[in-house]
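See below for the structure under consideration.
Values in this document were obtained by computation on a predicted structure and should not be read as measured data.
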Amino acid sequence: MPDWAKEIRAAIAALNLEPMHEAELVEELSQHLRDRYDEMLAGGTDPNAAYGSLLQELNDGALVSGLKASLQAARPPVPLGKDENAGILAGIWSDLRFGSRLLQKNPGFAVVAILSLALGIGANTTIFQLLDAVRMRTLPVKDPQRLARVKIVDSPHCCHGDFYSPDSDLTGALWNSLRQQQQGFSRIAAWAPARRNLGQGGEARYANTLMVSGEFFDVLGVQPLLGRLLSPADDYRGCGAQGAVLSYTFWQREFGGRPEALGSKLTLNGQPFQIIGVTQANFYGVDVGQNFDVAIPICSEPVFSTKGSLMDGPAEWWIATIGRLKPGWTIERASTQLAAISPAVFAATLPGEYDAIEKKDYLAFRLGALPAATGVSGLRHDYEDPLWLLLALSGLVLLIACANLANLMLARASVRQREMALRLTLGASRSRLIRQLLAESLLLAALGTIAGAALAQILSRVLVAFLSTHDNQIFVELTPDWRVLGFATALAILTCVLFGLVPAMQASRTDPGVVMKTGRGLTASRDRFLLRRALVVSQIALSLVLLTGAFLFVRTFRNLMTEDAGFVQDHLLVVDFDFSPLKLPPASQMAYKQELLARMQSIPGVSSAAETLVVPLNHSGWDDNIDIPNGPQRQDVTLSRVSPGYFRTMETPLLAGRDFNQTDTPNSPRVAIVNEAFTRKFLGGANALGRFFTDSGKPDQTYQIVGLVKNTKYYTLREDDLPIAFVSFTQANGPQEDSQLMIRSDEPLASLISSIKHTANDINPSLVLTFSVLKTQIREGLLREQLMATLSGFFGALATILAMVGLYGVISYMVVRRRNEIGVRMALGASRNDILVMVLREAAILLGIGLVTGTALALAAGTAAASMLYGLKPRDPLTLGAAITGMIIVALLASLLPAQRAATVHPMEALREE
Amino acid sequence: MPCGSLKAFLRIDPANLCLTFTRIAVPYVAMKHIAAPVDRELKKGSAELLILSLVEHRARHGYEISKLIDERSDGVLKFNVASFYPLLYRLEKRGWIAGRWVEKAGQRRRRYYRLTSDGKQILKTQRATWLDFVNAIHRITEAENA
C-alpha cells in the first residue's frame with residue numbers, strides 16, 4: 001500500500017500550515033486517496049497505474065493553489081517564555097472570557113465565592129454608607145465648606161441655666177450681642193429645634209419644628225420649591241404666629257403634595273400659622289439624622305409660652321447658630337475675632353440671678369467658631385464610635401472570607417498545575433499566567449462587589465429602621481455617593497489582590513518539566529501547603545478576635561438589660577399632660593396639677609400614680625450646687641421634684657424616714673429625700689435623717705432631709721450611682737403648664753391609655769397628652785448596645801463558620817495528601833485511633849497557633865472597645881475563655897469528619913495509589 | 001412519477017433518475033463537442049450546489065460526497081482530490097458546511113461534513129438560480145428544435 005501521507009505531506013509542504021492543521025489535512029486526503037486506490041484496484045486497474053494516476057492528481061499543482069486560498073499559513077513560532085503581544089492589557093478580554101467560562105463550569109465554587117464576598121463587602125459597604133451619611137456627607141446646601149457655627153469653647157465650667165436641646169449653644173442675649181459684634185460672617189443665623197403639637201387636645205401628634213431667624217435660608221443658600229422661604233422681613237420682635245415653611249416630606253405627608261397647601265393654616269400647639277412655602281426635596285435642615293417638618297420665625301417663640309420669651313431669659317440656653325464666612329476669612333480667623341469680643345459680650349449679657357461663682361465662670365467663657373459643613377448630629381454623637389468599630393469588625397470578616405477564598409484558589413491551582421505547565425511550555429510568560437489567574441479573581445471580586453453593593457442598599461435601610469424609635473425617627477441620605485462607590489471599588493480591588501495574587505504567583509511557579517514528566521500534576525508543593533496552613537491559622541486568629549468581641553458586647557448588653565435601676569420598670573406608663581392650651585392663671589396651675597394627679601389616681605386599674613419633673617433614664621435632668629453645713633461646699637448634686645407617692649409608684653424602697661405628704665406645703669420648712677449615694681458622698685455615710693443642705697448661693701433655700709431611699713439610676717443605666725436629692729411638688733410655687741405622671745397599672749396598655757384619655761377628656765378636651773411606656777423608653781436608650789451586640793454577634797458567628805470551613809478544607813486536603821502515608825502506617829500496624837489522633841493533632845497545632853495569635857490580637861484590640869463595655873473589662877478572662885472554648889469546639893467539629901475519613905482508609909487501596 | 005418536473009433532477013430521488021439523465025444528458029451531449037473550458041465552467045459553477053445538496057439531509061465525509069457525485073452523474077461529473085478538497089474547505093471557511101472528526105467503532109476516524117443554517121439559505125438560493133438557468137436554456141433549445 002502506498003504511503004499516501006508521505007506523498008501528501010510532500011505535496012503540501014509549500015503551504016507551511018500549522019502542524020496540527022497539516023496533520024488533519026494529510027489524514028483526510030490520505031483516506032480519500034486510499035479509498036480511491038482501493039476502488040481503482042477493485043475495478044481492475046493495475047496498482048502501478050492506479051498509483052501513478054493518483055500521484056499525478058496530487059502533484060499537478062492544482063491542490064496547492066486551491067488550498068492556498070482557503071487555508072491559513074502557520075504563524076512564526078513564538079520563542080519559549082515570550083508573549084506574542086507585549087502589551088500589558090493585550091488579551092485581557094480573552095482572559096476574562098476564559099475566567100467566566102471556568103466559573104460557569106464550576107457553579108458551586110462560584111456561588112460560594114461570590115456569596116462570601118458579597119456578605120463581606122456588603123457588610124463593609126453598609127457600615128461605611130452609614131458613616132458617610134452621618135459623618136462625612138456635607139449638607140445639601142450651597143458651598144457647605146464656608147459654613148461655620150459659633151459656640152462657647154475651651155470653657156470647662158460652661159454653663160449654668162436651662163437647656164432646651166442638645167444643640168443649645170447660646171442664650172437669646174448672647175445671640176443678639178454676637179449678631180452685632182461678629183465680623184467674620186457675611187451672614188449668620190440662629191435656629192432652635194422644638195416639637196410642637198399638630199393636634200388640638202387629646203393624644204399629641206408632634207411635628208419637628210425649627211425656629212429660625214430671618215437669614216437662615218439665605219445663609220444656607222437654599223431655594224424654595226413652592227412659594228417663598230422666611231426672610232429677615234418675617235423676623236421681628238413681637239411678630240406672633242406668622243408664616244411657616246414646610247419641608248417637602250411633611251408637605252407630601254400632611255398635604256398630599258398639593259400646591260393648594262400654600263396659604264392654608266397649620267396649627268402648632270394651638271397657634272395658627274400660614275403656610276408660605278415649601279423647601280426642596282433634598283433639604284432636611286442642619287441636623288443630620290433628623291428631618292425638620294416646619295420652619296417658623298424665631299420671633300414666634302413667645303406665642304407658645306405664658307412665661308415670657310426665651311429670648312429674654314438670661315440663663316435660657318436654647319439657640320444654635322450657623323453662618324457663612326466672609327470671602328477670605330477662615331474658621332481660625334473668625335475664632336480669633338470671636339475670642340477677642342468674648343469678654344465684652346459676656347460682660348454685657350451676665351445673668352443677674354447667678355451667684356458669685358457662676359458669674360465668675362460666665363465672665364471667663366469664650367466664643368469660638370467650628371466647622372459646620374456636615375451640620376450637627378445627635379446621631380453622629382451617639383453612633384460614630386460604634387460605627388467605626390463595626391467597620392473594623394466587618395473588615396476582619398472580609399479578611400477571613402478572603403483567606404477562605406485564597407485557600408480555595410490555592411486548591412484549584414493545585415488541580416490546574418498541568419494546565420499551567422502546558423501554558424508555560426507553549427510560550428506563556430509567568431506574568432501572563434499571573435494576569436490570567438488575576439483576571440479570574442477580578443471577575444469574582446467584581447461580581448461579589450456588585451452583589452455586596454446591592455445588599456448594602458437593603459442592609460443600610462434595615463439598619464436605619466433598627467435605629468429609629470417611635471419618638472425618634474431617623475432620616476439619613478442613603479443614596480450612594482462617590483465616596484461609597486469608591487469604597488466599594490477599592491474593596492473589590494483589595495479583595496482581588498488579597499485572595500488572588502498569592503495563589504496566582506504560586507501557580508505560576510510551576511516547573512513545567514517536572515509536572516509534564518510526572519504526568520499527574522496533582523501534588524502541591526510544600527510551599528503551597530504551608531501557605532494554606534498559614535491562611536487557616538490567620539482565619540482562626542481573626543475569628544477569635546471577632547468571637548471575643550461578640551461575647552463582650554453581648555454580655556455588655558445583657559448586663560445593662562439586667563441592671564438594677566433602683567425601681568421596677570414593668571407596668572409603668574409615662575403620661576405627659578400639657579395644659580398650656582387651657583391658659584390657666586399662673587397662681588392656679590399648681591393646684592390644677594394636684595387635681596389632675598388625684599383624678600388619674602382614681603382611675604380603676606391604676607395601682608398608683610405620682611408626678612415627677614424628671615423621668616428616670618430619659619437622658620435629661622436637673623442638677624445644681626449645694627452646700628452642706630460644716631461640710632463640703634458647692635457640691636454638684638442631681639435633683640428631681642416628685643409628688644407624694646412617687647417612691648411607692650416606682651417601687652423604690654424607702655430605707656428610712658418618710659415620704660413627702662400634704663403637710664409639706666410651700667409655707668412649711670423645705671424638706672428633701674436623698675439616696676444612699678448622697679449620704680455616702682456628702683455625709684460620710686452617717687444617718688442622713690434630720691441633716692440639712694442649702695442651695696449654693698441661696699442660703700435661704702435650706703432643706704431638711706426627712707427620708708432615705710435606695711439608689712436609683714438617673715440619666716443612663718451605665719452611670720455610677722449619682723447622689724440624688726428629691727424635693728416635693730407640694731412645696732413648689734410653679735408656675736408650670738405641664739405634668740409628667742408615672743402611672744403604675746397591671747391593666748393592658750391599650751385599655752389603660754383609653755381610660756386615661758377618657759378621664760382627661762372629661763377634665764378638659766383641650767388637654768394634650770403624650771404616652772410612652774417606661775420600659776420601652778429605657779430599652780430604646782440601649783439601642784447602641786443592642787446594635788453592637790447584634791452586629792458583632794452576627795460577625796462573630798459568620799467568622800467562626802468561615803474559619804470552620806477553612807480548617808475543614810485544609811485538614812481534608814492534608815488527609816488526601818497523606819493518604820499513601822496513612823496506608824503505610826496502617827499496614828505497619830497503626831490502629832484507627834492512632835490515625836485519628838494523627839489528624840487531630842495536625843488540626844490542634846493549627847488551632848493552637850491560631851489561638852495564641854488570636855488571644856494576643858484580642859487583648860490588644862480590646863482596648864478600642866473599652867468605653868463601650870459595661871460590667872466587664874476588655875481583658876475579661878471569662879469572655880476570652882468562652883471564645884477560646886467556642887473555637888476549640890468549632891475546630892473539633894471541622895476536623896472530625898476528615899479525621900474519621902482518614903481512619904477508615906483501606907491500607908491496600910491507599911498503597912495501590914503509589 | 002412522470003419525468004415532467006425539472007426540479008426533480010436536483011433531488012436525490014431514484015424515481016427521477018430518468019429525468020436527471022434526460023435533462024442533464026441532453027445539454028451534456030449537445031455540448032460535448034464544444035470546447036472543454038465551457039464544460040469546466042459548468043462543473044465549477046454547479047459543484048457548490050452539488051456538495052451542499054448532498055449534505056443537506058445527512059452528514060457525509062469527503063470521499064463519500066465525491067463518489068456520490070460521480071455515481072449519480074454516471075461519471076459525467078468527476079472531481080479529483082486536487083479540485084474537490086479545496087472546494088470543500090472553501091465552503092467550510094464560508095460557514096456553509098461544518099466539518100467534524102467522527103470515530104466509529106472498528107473504523108478509522110473520518111471527517112464528516114454537514115450543512116449549516118447559512119448553507120441551507122445558500123442552497124435554497126442556488127437551487128432557484130439553477131432552476132431559472134436550466135429553464136431558460138430549455139426554452140431556448142426547445143424553441144430551436146420546435
Could you state the interatomic distance from [atom1] ([X]) to [atom2] ([Y]), rounded to the nearest 0.5 Å?
| X | Y | atom1 | atom2 | result |
| --- | --- | --- | --- | --- |
| Y63(B) | D38(A) | OH | CG | 8.0 Å |
| H32(A) | I65(B) | NE2 | CD1 | 10.5 Å |
| E28(A) | W101(B) | CD | CH2 | 5.0 Å |
| Y85(B) | L63(A) | OH | CG | 10.5 Å |
| L25(A) | R111(B) | CG | CZ | 10.0 Å |

Flag if over 12 foreign heavy atoms under 6.0 Å of CD, E39(A) =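 Above 12, so yes.
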
inquiry  = Could you check whether atom CE of M20(A) has more than 12 heavy atoms from other residues, nucleotides or ligands sitting under 6.0 Å from it?
reply    = no

query = E57(A) and V81(B): which non-hydrogen atoms are nearest, and at how many Å?
reply = OE1-N, 3.3 Å

inquiry  = Does this structure show an ion pair linking D70(B) with R36(A), if we count only N-O contacts that are shorter than 4.0 Å?
reply    =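 No salt bridge links D70(B) with R36(A).
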
Cationic N near anionic O, under 4.0 Å, E27(A) to R109(B) =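 Answer for the salt bridge query: yes.
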
inquiry  = What part of L54(A) gets within 4.5 angstrom of chain B, counting heavy atoms only: side chain, backbone, both, or neither?
reply    = neither

ask   = Could you go step by step and tell me if Q31(A) and H61(B) meet the side-chain contact (heavy atoms from CB on, under 4.5 Å) rule?
value = CA-CA 10 Å; Q31(A) 284 168 1; H61(B) 57 77; over 6 Å; no

